[in-house]
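To start, the structure under review is shown below, and the notes come after it.
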Amino acid sequence: MNHAVQTSPESASAISGRRIYRQITGRKYLVLGALTALLAFTLILDISLGPARLGLLEVASAILRPGAAEVTTRVIVWDIRMPMALMAVVVGAALAVAGAEMQTILNNPLASPFTLGISAAAGFGAALALVLGVSVIPFAGVFLVSVNAFVFAMLASLTIYLLSTLRGVTIETMVLLGIALVFLFSSLLALLQYIASEQALQQVVFWTLGSLVKATWPKIGIAFVVLGVTVPVFVRQVWRLTALRLGEEKALSLGINVRALRLHVLVSVSVLAAVAVAFVGTIGFVGLVGPHVARMLVGEDQRFFLPTSAIAGALLLSAASIVSKSITPGALFPIGIVTSLVGVPFFLSLILTRRRQLW
Amino acid sequence: MVNRLTVDDLSFSYGSTPILKGISISDVAPGCITAVIGPNAAGKTTLFKCLAGLLKPRGSIRLDDAELREMGGANVTRRVGYLPQEGPVNAVLTVFEALLLARKHTMSWRVSDDDLAVAGQVLRDLDIEHLSLRYLNELSGGQKQMVSIAQVLARDPQVMLLDEPTSNLDLQRQLEVLDLLRSVTAVRGMITLISLHDLNLAARFADHFVVMTEGKIYASGDAACVLTPGMLRDVYQVNASVRVDDDGITQVTPISSARTKNGAVASASRLPSLD
């Protein structure tokens, strides 16, 4: 062993440090670039599919130069298909980022908006509006279902948040509590379905299957704003969140206030997941698998893990949207069903061909 | 640079169970290695956690003249490098990334050349450069421990607290790592406390000893004054022979447990002489 332990910026160790770092990050930038390109392609493909077939180039040109496109094409691309396609991207990204940070702060590979009961609570809130017409916030208007879903999703998060501030509550307890909430809200939802009229029941089932059909520009705007507000919270904490994966004790020894970090991130994650679920219904799988795909591709340096999770989630939901349009031409399958059908084979192939341990 | 670590009447309890009972330490010198020894559950890890600012004990811990609890978390982290006992790590991070994390207090989103240089240097010093691109969750226990030691060194602390840093290492690595730690401690004038179970290893590398038992300090001083058959019987409850080899290094040879079948410790007067 070498006993020098003296460093200067241009020493051999500086050069070797830079070389190793470039080797590590270079590959990750490449993966990020490739995924972004793939996402752009699926977005255009998604927009091109529908009852009126449009060519990929035609769509790309209508997106880049709307003024030069034919009126019909412009209306189809910008007013009808773009909101749905973009909603898939934004919601996919939001769910995957929420899942990634939940897995990080709870140190649990099974954590996702589903695990903590956030999706189940949103489902119950939506059903309350659809079956009984009950609004938890007056004058919600056209946003009645979404607002109800959001409020209940936040209620679930708040419950977990408040309990997690109690002394002696471990992350295992938090996960168990989340699972208990899943059962609670699933039972309440089943109760509402039991007493619902046939028409309301159909609406509830449709909502819980998840759908992009009701995507509008204002909803996309809100989802973007929420992403814009919450993601910087995670960005500011990238090193702390990465260090958390070294184990709680190591993180503490690096001067991280683990408890505060967990609670801080939990709040942001809850808002992100609640908004995503409120707008499109309970779309599972993306929040769980998006982060795992990212972990396999770029590891857990959050500077890369965070954007890769977002893009992987967006890509999964965008691909699911494409498949949902393609199964039966002219009809639209609920995306919640398709997500798992598309995602599971893809995820399995990644797991079976992986060269390193996933968690 | 920290020249003095002083602990005065330190006590700590987990709930109603007292772990540390009035610990005072004043003879820890910079540039020297202090071995903190004692049987399981003597309070060594809790003491280290208190010194690292992770627990809030009663009593006083001072770095030079500054009270630790009044220094603020960031200041403590910058000065004190604490290596916890090795726990399970399943992070999908490369060894190099793990080392950079140890320097996170100096980093923004971008990683500076200086941070890269320090990480590269520590990998070389510990002779684990070949592990740079390996993922932590693929390493053996010993390799993980080497990375943890590297993380503490990469932080360039003024006080090092290493809790059983060699427990997973093979014989050769144990000697090499402790040799490196001794050299770093001397060169940088650090205050280094190492908790060790292997008393012969401690005798070879430590300049000073603090013996703990049942949350108290039993004795402190150099090997000759601390590593005695009486201490081994009282603290470790073993009968052992102690001799000094040709290089002047104390060697401990455990012979038998001093605990009788009913759990009581045989009194010193009933034991045969081991000299």
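Quick note: numbers below take in every heavy atom, side chains included, and nothing from hydrogens, waters or symmetry partners. This structure is a prediction, so every number in the text was calculated from the model and none was measured. Proteins come first, then strands; the chains are lettered A, B, ... in the order of their sequence lines, and each starts at number 1.
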For this session: Let me know if A:E248 has heavy atoms under 4.5 Å from chain B in its side chain, its backbone, both or neither.
Result: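 Interface part for A:E248: neither.
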Exercise. With a 4.5 angstrom heavy-atom cut-off, which part of A:L244 approaches chain B: side chain, backbone, both or neither?
Worked result: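 When you check distances to chain B, no heavy atom of A:L244 falls under 4.5 Å.
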Nearest 0.5 Å, what's the [atom1]-[atom2] distance between [X] and [Y]?
| X | Y | atom1 | atom2 | value |
| --- | --- | --- | --- | --- |
| B:K49 | A:E249 | NZ | CD | 4.0 Å |
| A:T25 | B:F96 | OG1 | CZ | 9.5 Å |
| B:L100 | A:I24 | CG | CD1 | 7.5 Å |
| B:L123 | A:I20 | CG | CD1 | 6.0 Å |

Heavy-atom pair of closest approach, residues [X] and [Y]:
| X | Y | value |
| --- | --- | --- |
| B:L136 | A:L246 | CD1-CD2, 3.6 Å |
| A:S16 | B:G120 | OG-CA, 4.4 Å |
| B:T77 | A:G255 | OG1-CA, 3.2 Å |
| A:Y21 | B:V111 | OH-CG2, 3.3 Å |

Exercise. Would you find more than 12 non-hydrogen atoms of other residues, nucleotides or ligands less than 6.0 Å from B:L171 atom CG?
Worked result: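 Count not over threshold, so no.
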Exercise. For B:R182, does the CZ atom sit with more than 12 other heavy atoms under 6.0 Å from it, leaving out its own atoms?
Worked result: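 Count over threshold, so yes.
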Problem set entry | Residues forming a salt bridge (charged side-chain N to carboxylate O under 4.0 Å, His left out) with A:R240, sequence neighbours excluded |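 Testing A:R240 for salt bridge (charged side-chain N to carboxylate O under 4.0 Å, His left out), a comparison that skips the adjacent residues, returns none.
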Problem set entry | Residues which pass side chain to side chain donor-acceptor pair (under 3.5 Å) with B:S148, listed by chain and number, not counting sequence neighbours |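 For B:S148, the residues satisfying side chain to side chain donor-acceptor pair (under 3.5 Å) (neighbours in sequence not counted) are A:K250, B:E86.
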Problem set entry | Residue of the set A:R303, A:R245, A:K28 for which salt bridge (charged side-chain N to carboxylate O under 4.0 Å, His left out) holds with B:E97 |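 The option that passes is A:K28.
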For this session: Ignoring hydrogens and angles, tell me if any N or O in the side chain of A:E300 forms a donor-acceptor pair with the backbone of B:L93 under 3.5 Å.
Result: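 Pair absent, no side-chain N/O of A:E300 close to backbone of B:L93.
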Exercise. With a 4.5 Å heavy-atom cut-off, do B:Q151 and A:S253 have their side chains touching?
Worked result: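 No, too far: nothing below the 4.5 Å cut-off.
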Problem set entry | Toward chain A, the part of B:L99 with a non-hydrogen atom under 4.5 Å |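 Interface part for B:L99: neither.
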For this session: Kindly determine whether A:F305 and B:V92 satisfy side chain to side chain contact (heavy atoms under 4.5 Å, CB included), including the steps that lead there.
Result: CA-CA 10 Å; A:F305 179 53; B:V92 190; over 6 Å; no
Problem set entry | Residue selection (most heavy-atom pairs with chain A, distance under 4.5 Å) from B:L116, B:L133, B:V152 |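 Among the listed options, the one with the most contacts to chain A is B:L116.
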